[in-house]
Amino acid sequence: MTLHAELELTRGSFSLSAEFDVPPGTVLAVLGPNGSGKSTLLGCLAGLFVPDDGVVTLGERTLTRTPRLLVQPHDRGVGLLAQDALLFPHLSVVDNVAFAPRSRGASRVASREAARHWLSEVDAAELADRKPAQLSGGQAQRVAIARALAGEPDLLLLDEPLAALDVDAAPAIRGLLRRVLRAAGNQRATVLVTHDPLDALALADHVLVLSRGRVVERGLTRDVLSAPRTPFTARIAGLNLVVGVAEEQGLRTAGGFISGIPAPDVAAGEPAVAVFSPGSVAVYPEGEHSAGSPRNTVAAVVGALEPHGAVVRLRTVDGDGWAEGLAADLTPAAVAELALEPGTPVRLAVKAAAVAIHPAFGP
Amino acid sequence: MTLHAELELTRGSFSLSAEFDVPPGTVLAVLGPNGSGKSTLLGCLAGLFVPDDGVVTLGERTLTRTPRLLVQPHDRGVGLLAQDALLFPHLSVVDNVAFAPRSRGASRVASREAARHWLSEVDAAELADRKPAQLSGGQAQRVAIARALAGEPDLLLLDEPLAALDVDAAPAIRGLLRRVLRAAGNQRATVLVTHDPLDALALADHVLVLSRGRVVERGLTRDVLSAPRTPFTARIAGLNLVVGVAEEQGLRTAGGFISGIPAPDVAAGEPAVAVFSPGSVAVYPEGEHSAGSPRNTVAAVVGALEPHGAVVRLRTVDGDGWAEGLAADLTPAAVAELALEPGTPVRLAVKAAAVAIHPAFGP
Amino acid sequence: GGSDGSSDEGSGGGDGNRTLNVFAAASLTEAFGELEKQFEAEHDGVDVRLNLAGSSQLASQINEGAPADVFASANEKNMDKVVEAGGVEGQPETFATNKLTIAVPPGNPKGITSFADLAGDDLTVVVCASQVPCGSATEEVEQATGVTLSPASEEQDVKAVLTKVELGEADAGLVYVTDVTSAGDKVESVEFPEAEQAINDYPIAVLAEAGQSELAQQFYDLVLGRSGQEELSKVGFGTP
Amino acid sequence: MLWIPAGLALALVVLPVVGLLARTDYARLPELLTSSASLNALQLSLVTAVLSTVFCVLLGVPLAVVLARSRSRGVRVLRAVVLLPLVLPPVVGGLALLFLLGRNGFLGYLLDVTAGIRIPFTTAAVVIAQTFVAMPFLVVSLEGALRGAGDRYELVASTLGARPWTVFRRVTVPLLLPALGSGAVLSFARALGEFGATITFAGSLEGVTRTLPLEVYNQAEADVDSAVALALLLIVVAVLVIAVARPRAVEGRP
Amino acid sequence: MLWIPAGLALALVVLPVVGLLARTDYARLPELLTSSASLNALQLSLVTAVLSTVFCVLLGVPLAVVLARSRSRGVRVLRAVVLLPLVLPPVVGGLALLFLLGRNGFLGYLLDVTAGIRIPFTTAAVVIAQTFVAMPFLVVSLEGALRGAGDRYELVASTLGARPWTVFRRVTVPLLLPALGSGAVLSFARALGEFGATITFAGSLEGVTRTLPLEVYNQAEADVDSAVALALLLIVVAVLVIAVARPRAVEGRP
Ligand SMILES: Nc1ncnc2c1ncn2[C@@H]1O[C@H](COP(=O)(O)OP(=O)(O)OP(=O)(O)O)[C@@H](O)[C@H]1O
Ligand SMILES: Nc1ncnc2c1ncn2[C@@H]1O[C@H](COP(=O)(O)OP(=O)(O)OP(=O)(O)O)[C@@H](O)[C@H]1O
Ligand SMILES: [Mg+2]
Ligand SMILES: [Mg+2]
């Protein structure tokens, strides 16, 4: 179901103003600095506050039309994973997770079963009979994720789902979310708040960047993250993204093949993107040929050179195949030594080990 | 003051057993998967639980000797930043931060002043008069950090201090912690729980890795992170580290110069480390010379080749200067094409933009 | 004139602020209220303080050392408790009597005319519990007449009985004559001859530990004297 | 530091009871305990106090939640109203009940005429009187706890699809258990000790409406010492009931 | 759903009071209000109830905290002891106080002999009796709230260097304010309505120990209607005092 929201809200000196749509089956990532209004936005969608002015519709239903909540939180079919885990302290872990199915009318047995399923999905099956007070921070976060998913909501709202998770759990849960959010035939709309561009890339079709309560950037995830237009987005993102079709060991693009390390859920033949940071792109003079380990080499022409903190960011134009519009970060010394300037033809090299292949979403 | 701890504790099916020292003025980073006992360990040090068996001493004072807490939490001179921010809901932000100085006997005015100082250090000065309920997640975390630091404790315990912070705040607070923890003449012992190897590298002298309540690895930060001996540590770390003396644009080592991007608090002439990931190390056949952008090229000999997930990790031996013992991640295709095997002489190239220079600690 | 009288009191009266603590049964509230005024008017600078409660409570208080000068009890049993504990100076004297009557709602809707009518099945009758004076009097009447009542409630004090009748909850209740008098036109009284079988005596005594034994004696005299007796009969008490 | 006032408070509560114990005539206890009047009163007291505590909980918990969670202004006025039975002298409370449910009272007349039901002088009247005086204790103590706890978990439950009744049953009440335990104990104790409203509204008839406090009062008229002994019985019973009925779950942290 | 039992509970509380209001003889109110006996009683009631509420708070809050936070087994026994005055019929409570503090009582004798102080039948006795009966209400309702809230913030405060007294003053009490407000209201109401213990322990002396409930009792001897009118005065006063004294901070969420 399509989520449509237009929100205006003032809280003390802070004011939020946002308008967006999330089509069915897609994920919108909301990025932004601390205090930019991300959690507030989710609260409005979940029906916890009435905005000062605005409308929220989900499919055919108008959930909020100021000045009234037309549909109460419990009738919205939302699942909210708030920033605090807030597990019910009096219920065991499995009953916490079974809470939503039970509330939505499933039998005791069926909802317990669903709960155990979701607990094993987040790798917390062995915690089922504990009380929340007996969990570590990361364990509680995993249980909270299971609880939000177990209700099979029409509208899923996730506030920093991967915070507090360790290096093994974070990719595993990211993979789980990807499976759940992108399951075939899924009509759910999801709004995901995160500070990590990888989450946005791995999970979201569209990105919306908030700053001080205003939408400063929006668009397809790969467009926003590969060509950020605000300094904040640039700092969290600024990655190279190349679109194509996944193959066994990399990505087939219109202009050639890129070797890379596929994420576990990439299927050969499916649309995918290759992601690599500008810092991992090496630049060589044109024609220089080297038999080194970097799998990916491609010819291009220097477009622009801009200082970017301590390094210089080079953007290519007119490249062979996929080299169009890539960014490479170089030290000023390297720029000087290679005598780079706009128009200089160069060869770019990127190690396959530095390239991640993710499934691609969106048009 | 030196912290010495020997702890044994059982909670349900979980048992913790750890023994370690933190010399005065140093920082111990505790790493480990979710539920490995990191927070429990901090709780024992703070005096919130009595371990089943164990001793905690700080300087001359014995804080805990089972079966009794000899020194109550409030007399220990600790500052604990717990995993939940837990700001006092009834006090304004500034009074929350002033709580510790006030409790330790400072006057109302002096403690407010200290609080405002620490609030501005964490970039939260403008939140001073709010109530905690009016803060966003990241704002609350910053205030909690200020509150823990404001007491000027002898023993500082930080549980994931940088969780919930955005991309701008995280490095800023990391820099603040580095300044505070490593201030000259500082006799404080600090224990820092983190999931981020960068925090450990940036802040800690020593690292202790917990797994299921057992210490599985310990040592100097750079030793543990550059040559991890357990798969978990390898997954969170597995970085190349080279020790030397900072210079303007890089690091002077015994075996030569490495270009890199210095962190803001690196001072030329001070000991420092260069950090770069194995994925950013390109490998070329011996003698091949290329005039490309990678600033750092060095000759080495292949030592070992081991599969490492989807890539092959190459370790060098016998390198020129700093190339000894480096790791490089390559795709199997690259290994085949270059016909690499132990003993093959190669040339390594690392882009300066992929090398970070951090101040170095420890002997 | 009262003020002239006070100067006649000699050594005891006239000077300073003195208080006389009179412990009196709650049913004496009205009559003793009047006597208090009268006594204070006659004795300049004397403050009579009435402590009004149930007789048994007053007896307990006196036995626990309460600063009481005079004790006026609603029955002999509670006076005896004080006498036994050695708290009374001299002998208690009966200063008033009271007898039972049937209180019925105005107009006497159930047409009750005698004690025997109270045994009727369709009547809601309330009486006092046997432990309190009006209840023991009721029992005595029952024995004397051979009529056994089956009351809806055995109340803890006579006021509770009266209230039930006043509110129409009960069709009839056994109370004292004085209670009906003070209730005015809210209830009617149906007197019955057997009530003479169970006359209730009110004894009064000066207490051994009285701080103001002279004043106490004067108050005692006032109650037993002519004006005291007049006040008491105004509210329905009989004279001994 | 806390121990000084805490100890004083405890002394204030305990010493008089110790004084009472010291003065009790233990020789008469067995006799009192076996008298049918005492046993009837004890049984009646237990039954009515338990019943009225149950009513207090069933009716009072929803009222406390509505009062504590409602944001409307009108509800704030209701809060003061709930306090009324607290300050009413119990005898007047009993009168108020008579005015409402007595034969000539508004509701009582209706009940009498339509259904032939008369409430005063029955055991039901005792339960009603006790519930009337005890309810505010439950409501007010719960309301304080509800306000202190906030509504975070209730909001979470509603985003998980729980309707208000489910939220109440599965989140509000379980989290409130410790306070509910305290509130129920207060109501039970108040109901068990209730005297004035009961005697006014329900009267005092052995086996029907004469509860233990009424029996104690009765005994006190005859003989203070036996009343004290009987009161001790009341204390022992109350402490036992509370100790047994207060489940572990209520005592432990949630 | 919640509104049904909540409404019933409210009706049970409100309707009798409405019945009372309907039956009051308003013509006599002015006369009653201006009589010096009523005014004296009203003043005495307010002064003593406020004083005893203050004592309840000063002594009871520390006791509640000690009881709720202590982990020792002995303390669990004390919890039951605090309930004793709750179940003691007030008249017996008054006797207990008399047995302790009367001239022949253990402490009373000591005080009399050493300091020449006699407590019974003074205003101090009224305050003591009220504090004795009202204290458990405060302690029990706070304890429930304390248990429900847990001790997370108190632990945090101790790691920030706050000694137990500071934790109590700056963390426990402020977080407890809503429950403390409720508890104080309960104690105040209980003290204001206190009758049996007062009349037994302190007597009923106009201007010294005759509080409003005792005056109501006295009036009832003469005339029930004026007693009811006087009780309404008590209600109005209580509701006013509670409405004025209950600060906004207590009402708001913490
Ligand atoms: N009750 C309130 N009164 C005033 N300001 C408030 C209130 N609640 C929140 N705010 C402010 O609203 C802004 C948005 O808060 P919100 O929690 O939505 O931020 P966020 O984007 O989720 O941040 P974070 O990444 O730190 O979680 C913040 O600046 C916060 O200080
Ligand atoms: N009261 C308890 N009873 C039983 N087990 C407990 C209890 N409290 C904690 N545990 C277990 O102890 C282990 C250690 O918990 P701890 O909070 O120290 O982990 P942690 O290393 O801080 O994890 P995280 O990174 O998720 O915060 C966990 O496995 C947890 O499930
Ligand atoms: Mg947030
Ligand atoms: Mg932890």
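By convention in this document, chain letters (A, B, ...) are assigned in the order of the sequence lines, proteins followed by strands, and residues within each chain are numbered from 1. Computed from a prediction, not measured in an experiment: that's the story for all the values here.
- Using a 4.5 Å cut-off between heavy atoms, A:Pro262 makes no contact with chain B at all.
- In this structure, chain B has a heavy atom under 4.5 Å from the side chain of A:Arg142, while its backbone stays farther away.
- Ranked by heavy-atom pairs shorter than 4.5 Å toward chain B, the options A:Ala354, A:Ser277, A:Ala333 are led by A:Ala333.
- Checking side-chain atoms of A:Lys351 against main-chain N and O of B:Leu330 turns up no donor-acceptor pair under 3.5 Å.
- Of all heavy-atom pairs between B:Thr331 and A:Ala352, the closest is CG2-CB, 3.1 Å.
- With a 4.5 angstrom heavy-atom cutoff, B:Pro332 does not touch chain A via any of its atoms.
- Using a 4.5 Å cut-off between heavy atoms, B:Ser280 contacts chain A through its backbone alone, with no side-chain atom that close.
- The closest side-chain heavy-atom distance from A:Ile261 to B:Val311 is below 4.5 Å.
- Across all their heavy atoms, A:Gly138 and B:Asn34 have their closest contact at CA-ND2, 3.4 Å.
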For a quick test of your reading: what N or O donor-acceptor pairs under 3.5 Å do the side chains of residues 125-135 of chain A make, sequence neighbours left out?
| unit_1 | atom_1 | unit_2 | atom_2 | d |
| --- | --- | --- | --- | --- |
| A:Arg130 | NH1 | A:Gln134 | O | 3.1 |
| A:Gln134 | OE1 | A:Lys131 | N | 3.2 |

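- Against chain A, the residues from residues 160-173 of chain B that qualify, each with a non-hydrogen atom under 4.5 angstrom away, are B:Glu160, B:Ala164, B:Leu165, B:Asp166, B:Val167, B:Asp168, B:Ala169 in number order.
- If you measure heavy-atom distances from B:Val281 to chain A, the contacts under 4.5 Å come from the backbone alone.
- For A:Ser13, the part sitting under 4.5 Å from any heavy atom of chain B is the side chain, from C-beta outward, and nothing else.
- What you find for A:Gly35 and B:Ser136 is that their closest heavy atoms are N-OG, 3.3 Å.
- For a residue to count as touching a neighbouring chain, one of its non-hydrogen atoms must lie under 4.5 Å from one of that chain's; by this rule A:Ser259 does not touch chain B.
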